[in-house]
Amino acid sequence: MKEIKEKPRVRIAPSPTGPFHIGTARTALFNYLFAKKNKGSFILRIEDTDKERSKKEWEDDIIKSLLWLGLTWDEGPNPKDTNQEIGSFGPYHQSKRKEIYKKYLKKLIEEGKAYYCFCSPEELEAKRQYFMSIGQPPRYDGTCRNLTKQEVEKKFQEGKPFVIRIKTPEKKLSFVDLIHGKIEIDTSLLGDFVLAKGFEEPLYNFACVIDDYEMKITHVIRGEDHIPNTPKQILIQEALNLPRPQYAHLPLILGPDKSKLSKRHGDVAFSQYIKKGFLPEAMLNFMAFLGWNPGDEREFFNLYQLIEEFSLERCQKSPAIFNIQKLIWLNGHYIRKKPIKSLTRLCIPYLVEAGLIKPLYEATAKLINNNHYNHSDEIKDTYIVVETQEKISFSYIQKIIEIYQERLKYLAEIPELVDFFFKKELSYPKELLFWKEAREKETLKALKTLKTLLSKIKKEEWHKEKLAEIILPAAERFNEKNRGYLLWPLRVSLSGKKASAGPFEIAEILGKEKTLKRIEAAQILIKKEEK
RNA sequence: GGCCCCGUCGUCUAAUGGCUAGGACACGGCCCUUUCAAGGCCGAAAUACGGGUUCGAUUCCCGUCGGGGCCGCCA
């Protein structure tokens, strides 16, 4: 494909009528990659023309999510103060652009390319039904198209509400899509569609065309569900004599049932993924591969590498099913690669939220409470274990996180994995202590052996290497066929879980005193139930 | 129903007018191992169907079938 000579200007134009959607995030990413790859501009425009449904909280959600991903925009709302804007083609909220739309609407009316329509919703519904019943696409029949000046005047006098419709010329229209190639449609199927409700409320297709023009958008990169809108938008451009941007329609993201990913598939809200503890690196890498690939077998890409490699030519035509398993796998990969200090910082809010620990200082508490978007350093602090009221340090927590780093798939899992470190007493069925066919007797014996062995280790030597040095040979002596007879009860008595990190690393973190206490607790558990 | 888009393992995908159609996730097995992970090895698994063009089509063309999107005074 030809090189892009002009510096491209692209936009992501979400409407703040609900939680920021995973599909919108993917579209944003592709726009961003295209812009950065070609040294162009990435613009954020808030499409809030639907004043009933648009809410500030959703706009904040959009902004937060994009920033979290690191997809910063060159023009749009100022992320530091959303009442301000950056860029010289604003305003970037459609709700603030009414006067601009009005100007173009008037021009169309004056030139006879659009007209007032006074038909009521009821009348239109009836017509729609009729067309459907005879197997025709439902479209406006043009009742008001040829109203005389006097008739229009009269309706105005009566104070009848009106909409503005375009006079759609009947013709074959085609456009070149950068992903799909040439797309042709017959405009007679479109009818005279509505541009705006009165002069004050422009509708999507109209506002979009005007803004794209005024903001000098060169490439419209959006979801495939917009293909049917494209001919309408081109018709508006032609009526107004505006240049046509290039179009690229990305394949849709599908749910497991192969229909467009939507609320009923569950987690489509982007913030859910942030809360669950997916990392931006994983989300970026994953979303990029939904409809794009580098053409070889590399599979890990950071944002900069994506910018380097991205091209629309390598975009897929066919839709992709959102495969959560692969996201989880990728996330595990990025968690393993995360520096341990950063990972600990990311995990702490989850531990706090689960009520396992709490920050000693109010300031930290506030910071954590705020959200999971925070990656800041301030989180290094002293914490209090809720159940025991012990003070613990950041580095103590770090040791715990470290032994779970390769097991973690997403951050929200961390509390259930490590909760036993913060519990006063563990509760688990005694059968969990039994290795293979071992029962009370053998297990008691194992626990007793462990206690004797561990008691002899000096506090200064209490680290996992020393523990292994002592316990491992003992385990072989205990049962020459299988070390599990000694090691399994150790691990279970310390963690209370059937799956966990290794017993020596756990014991090291727990310390001598607690380790011995937990072994005793296990002995008591077995004995108590024997009676 | 009309119009439009799409069709390679279950999923994300690579390849090409010509080697046994490659990789990844998930799945199964084995190894490692005290468990769970991680890691290593192995395995099962796909060109929707029918015609054409061609020496040769998964690839190009046509049709069928299948899936999806859109058909608002929502975006």
Side-chain angles (χ1 to χ4, degrees), chain A residues 13-18 47-50 52-54 94 117 119-121 124-125 128 131-140 161-165 177 179-180 183-186 189-191 193-198 201 203-205 207-208 223-231 249 251-252 254 256-260 286 289-299 316-330 332-333 336 403-409 417 432 435-436 471-472 475 482-492 495 497-504:
Chain A
S15 70
T17 53
E47 307 226 323
D48 53 354
T49 49
D50 185 336
E52 255 97 87
R53 299 195 299 143
S54 297
Q94 289 190 328
C117 169
C119 295
S120 70
L124 292 170
E125 185 51 35
R128 202 184 343 268
F131 276 114
M132 294 284 254
S133 71
I134 60 167
Q136 297 253 331
R139 56 182 188 268
Y140 184 59
F162 67 93
V163 300
I164 297 170
R165 289 183 184 273
D177 185 283
I179 291 170
H180 294 276
I183 296 176
E184 273 180 281
I185 83 121
D186 190 334
L189 267 15
L190 268 25
F193 55 92
V194 178
L195 261 19
K197 296 191 255 183
E201 290 182 63
L203 261 24
Y204 166 72
N205 279 306
C208 179
E224 204 175 58
D225 47 345
H226 283 290
I227 289 180
N229 282 323
T230 308
H249 288 95
L252 257 19
L254 271 29
D257 65 348
K258 292 179 188 254
S259 70
K260 186 163 85 165
F286 177 71
F289 274 68
L290 243 33
W292 176 88
N293 71 80
D296 52 40
E297 281 166 10
R298 289 172 297 164
E299 49 195 348
Q316 218 67 25
K317 281 182 180 166
S318 52
I321 292 173
F322 186 91
N323 182 201
I324 189 84
Q325 289 301 332
K326 199 145 187 174
L327 207 211
I328 290 173
W329 169 76
L330 259 177
H333 168 83
R336 270 169 257 133
I403 63 173
Y404 278 90
Q405 182 163 22
E406 66 180 23
R407 284 163 246 255
L408 242 199
K409 300 273 187 263
L417 255 24
L432 201 55
W435 176 246
K436 301 213 180 214
I471 304 291
L472 250 19
N482 195 312
R483 305 194 287 195
Y485 288 97
L486 193 67
L487 295 174
W488 174 271
L490 206 216
R491 203 185 53 71
V492 171
S495 70
K497 291 182 194 297
K498 64 172 183 281
S500 76
F504 307 133

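Every heavy atom of this structure was used, including side-chain atoms; hydrogens, water molecules and symmetry mates were not. Below, chain A is the first sequence line, B the second, and so on; all start at residue 1.
Between H180(A) and C6(B), a side-chain N or O to OP1/OP2 separation shorter than 4.0 Å is present. A sub-4.0 Å separation between OP1 or OP2 of A75(B) and a side-chain N or O of T49(A) is present. Taking 4.0 angstrom as the limit, Q316(A) places none of its side-chain polar atoms (N or O) nearer than this to OP1 or OP2 of C6(B).
Note: CG (L330(A)) to P (U11(B)) measures 19 Å, nearest angstrom. Straight-line distance from the CD1 atom of I321(A) to the P atom of C6(B): 17 Å, rounded to whole Å. Atom CD1 of I227(A) is separated from atom P of C3(B) by 16 Å (rounded to the nearest Å). Atom NZ in K317(A) sits roughly 13 Å away from atom P in U8(B) (whole-Å rounding). Rounded to an integer number of Å, the gap from E406(A) CD to A37(B) P is 11 Å. Rounded to whole angstrom, the span from the CD1 atom of I179(A) across to the P atom of C5(B) amounts to 14 Å. As a whole-Å value, the separation of I328(A) CD1 from A38(B) C1' is 16 Å. One atom, OH of Y404(A), and another, C1' of A37(B), lie 10 Å apart when rounded to the nearest Å.
Considering H180(A), K260(A), K317(A) as possible partners of E224(A), the one that fulfils the side chain to side chain donor-acceptor pair (under 3.5 Å) test is H180(A).
A distance of 9.5 Å separates OG of S15(A) from OH of Y204(A), quoted to the nearest 0.5 Å. If you take CD on Q94(A) and SG on C208(A), they are separated by 7.5 Å, rounding to the nearest 0.5 Å. For the atom pair CG of N323(A) and CG of L254(A), the computed distance is 12.5 Å after rounding to the nearest 0.5 Å. Here the CD1 atom belonging to I183(A) is positioned 7.0 Å from the NE2 atom belonging to H249(A), to the nearest 0.5 angstrom. Separating the CH2 atom in W329(A) from the CZ atom in F286(A) is a distance of 11.5 Å, to the nearest 0.5 Å.
C119(A) comes within 4.0 angstrom of a nucleotide base, judged by non-hydrogen atoms across all strands. Using a 4.0 Å heavy-atom distance criterion, L490(A) is classed as making no nucleic acid contact. Contact annotation for E184(A): backbone-only contact, meaning every heavy-atom pair under 4.0 Å involves sugar-phosphate atoms and none involves a base. Note on S120(A): a base of the nucleic acid sits closer than 4.0 angstrom, heavy atoms only.
For the P atoms, the distance linking C5(B) with C60(B) amounts to 16 Å, nearest Å. Nucleotides A45(B) and G22(B), compared at atom P, are 12 Å apart to the nearest Å. On the P atoms, C25(B) is 22 Å away from A21(B), given to the nearest whole Å. Here, G66(B) and G72(B) have their C1' atoms 29 Å apart, quoted to the whole Å. The gap from the P atom of C19(B) to that of A57(B) amounts to 12 Å, rounded to the nearest Å. To the nearest whole angstrom, the two C1' atoms, one in G50(B) and one in C42(B), are 38 Å apart. Comparing the P positions of U11(B) and U47(B) gives a spacing of 12 Å, expressed to the nearest Å. Using atom C1' as the reference point in both U64(B) and G7(B), the two lie 13 Å apart (nearest Å).
A distance-only check finds a donor-acceptor pair linking the side chain of R491(A) to the backbone of K498(A) [under 3.5 Å].
In this entry A75(B) has no Watson-Crick or G-U wobble partner, no candidate having both defining distances under 3.5 Å. U35(B) is unpaired under the criterion used here, namely a Watson-Crick or G-U wobble arrangement in which both key atom distances are under 3.5 Å. Figure legend. U53(B) is base-paired to no nucleotide; pairs are counted as Watson-Crick or G-U wobble with both atom distances under 3.5 Å. Pairing partner, G2(B): C70(B), with both Watson-Crick or wobble hydrogen-bond distances short of 3.5 Å. Across all strands shown, G10(B) is found opposite C25(B) as a Watson-Crick or G-U wobble partner, with both distances under 3.5 Å.
Every residue was checked against the ring-ring contact (aromatic ring centres under 6.0 Å, His included) condition with F193(A), not counting sequence neighbours, and none meets it. N293(A) meets the side chain to side chain donor-acceptor pair (under 3.5 Å) test with R314(A); sequence neighbours excluded. A search for side chain to side chain donor-acceptor pair (under 3.5 Å) contacts involving R165(A) returns nothing, not counting sequence neighbours.
The shortest distance between side-chain heavy atoms of L487(A) and L472(A) falls below 4.5 Å. Contact check for L190(A) versus I185(A): side-chain heavy atoms found under the 4.5 Å cut-off.
Between F289(A) and W292(A), the gap from one ring centroid to the other is short of 6.0 Å.
The side chain of N293(A) lies closest to U13(B), out of U13(B), G39(B), C6(B).
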Considering only nitrogen or oxygen atoms on both sides, find all protein atoms under 3.5 Å from nucleotides 33-36 of chain B and state each distance.
unit_1: U34(B); atom_1: OP1; unit_2: R483(A); atom_2: NE; d: 2.8
unit_1: U34(B); atom_1: OP1; unit_2: R483(A); atom_2: NH2; d: 2.6
unit_1: U34(B); atom_1: O2; unit_2: R491(A); atom_2: NE; d: 3.4
unit_1: U35(B); atom_1: O2'; unit_2: K498(A); atom_2: O; d: 2.7
unit_1: U35(B); atom_1: O2; unit_2: R491(A); atom_2: NH1; d: 3.4
unit_1: U35(B); atom_1: O2; unit_2: S500(A); atom_2: N; d: 2.8
unit_1: U35(B); atom_1: O2; unit_2: S500(A); atom_2: O; d: 3.0
unit_1: U35(B); atom_1: N3; unit_2: S500(A); atom_2: O; d: 2.8
unit_1: C36(B); atom_1: O2; unit_2: R407(A); atom_2: NH1; d: 2.6
unit_1: C36(B); atom_1: N3; unit_2: R407(A); atom_2: NH1; d: 2.5

What nitrogen or oxygen pairs link the protein and nucleotides 19-26 of chain B at under 3.5 Å?
unit_1: G22(B); atom_1: O2'; unit_2: E297(A); atom_2: OE2; d: 3.1
unit_1: G23(B); atom_1: O4'; unit_2: E297(A); atom_2: OE2; d: 3.1
unit_1: A24(B); atom_1: O4'; unit_2: E299(A); atom_2: OE1; d: 3.4
unit_1: A24(B); atom_1: O2'; unit_2: E299(A); atom_2: OE1; d: 3.1
unit_1: A24(B); atom_1: N3; unit_2: K326(A); atom_2: NZ; d: 2.9
unit_1: C25(B); atom_1: O2'; unit_2: K326(A); atom_2: N; d: 3.4

Could you list all N or O pairs between the protein and nucleotides 66-72 of chain B that sit under 3.5 Å apart?
unit_1: G69(B); atom_1: OP1; unit_2: K260(A); atom_2: N; d: 3.1
unit_1: C70(B); atom_1: OP1; unit_2: K260(A); atom_2: NZ; d: 2.6

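Using bins of under 30°, 30° to 60° and over 60° for the plane-to-plane angle, the ring pair W435(A)/W488(A) lands in the tilted bin.
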